[in-house]
Amino acid sequence: MWEIIIPKKVIKNIGKYPDIQPLYNKFLKDLFNYGPYITWYPHYGRLNGKKALFHCHLNVGHPRYVAVWELKNKKIKLIEVVYVGTHEKAPY
């Protein structure tokens, strides 16, 4: 099981999109149980070749919601969720 850091800005952003709350909850549960390597999510991958920064799509269709997270420490199993929101505003 992994520890997950969720900054206030991410929590605030999720509040703007109540329709993705169930998707977000499932995403967090999967991160907690399986770690940063949740390869079965659509468009899962590393960002810009960075070793510790990942992203995936939380849904299909429009608007598209994405999640971005960083592997902070593999040894102590620590992940930080960097962004959850619309594809257009994603930080990549």
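Keep in mind the model is a prediction, meaning the values are calculated, not measured.
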Would you say W69's side chain and I79's backbone share a donor-acceptor pair under 3.5 angstrom?
-> no
Subject >> Evaluation steps, side chain to side chain contact (heavy atoms under 4.5 Å, CB included), between Y83 and V10 >> reply: CA-CA 6 Å; Y83 174 81; V10 171; 5.5 Å; no
### Message
When you group the ILVMFWY residues by side-chain heavy-atom contacts below 4.5 Å and let the links chain together, are I14 and I38 in the same group?
### Response
yes
Here the gap from L31 atom CG to I4 atom CD1, rounded to the nearest 0.5 Å, amounts to 4.5 Å
Query - Connected via hydrophobic side-chain network under 4.5 Å: I5 and V84 - result: no
When every non-hydrogen atom of L58 is compared with those of A67, the smallest separation belongs to CD2-CB, 4.1 Å
Can you label the angle between the F54 ring and the Y44 ring as parallel, tilted or perpendicular, going by 30° and 60°? parallel
Taken to the nearest 0.5 Å, the spacing of H57 NE2 from L23 CG works out to 13.0 Å
Between the CH2 atom in W2 and the CD1 atom in I76, the distance rounded to the nearest 0.5 Å is 10.0 Å
Value for CG (D30) from CG (N25), rounded to nearest 0.5 Å, stands at 11.0 Å
Review point. Going hydrophobic residue to hydrophobic residue with side-chain gaps under 4.5 angstrom, can you get from V82 over to F27?
Key: no
| Would you say L78 and L71 are hydrophobically clustered, going by side-chain heavy atoms of ILVMFWY under 4.5 Å? | no
For V81 and I6, the nearest pair of non-hydrogen atoms, with its separation, is CG2-CG1, 4.5 Å
Rounded to the nearest 0.5 angstrom, the NZ-CD distance for K77 and E3 is 12.0 Å
Here the pair of heavy atoms bringing E80 nearest to K72 is OE1-CE, 2.7 Å
Interatomic distance, CD1@I11 vs OH@Y24, rounded to 0.5 Å, equals 6.0 Å
* **L53 reachable from V66 in the ILVMFWY side-chain graph, under 4.5 Å edges** => yes
Closest non-hydrogen contact found for P18 with P22 is O-CD, 4.2 Å
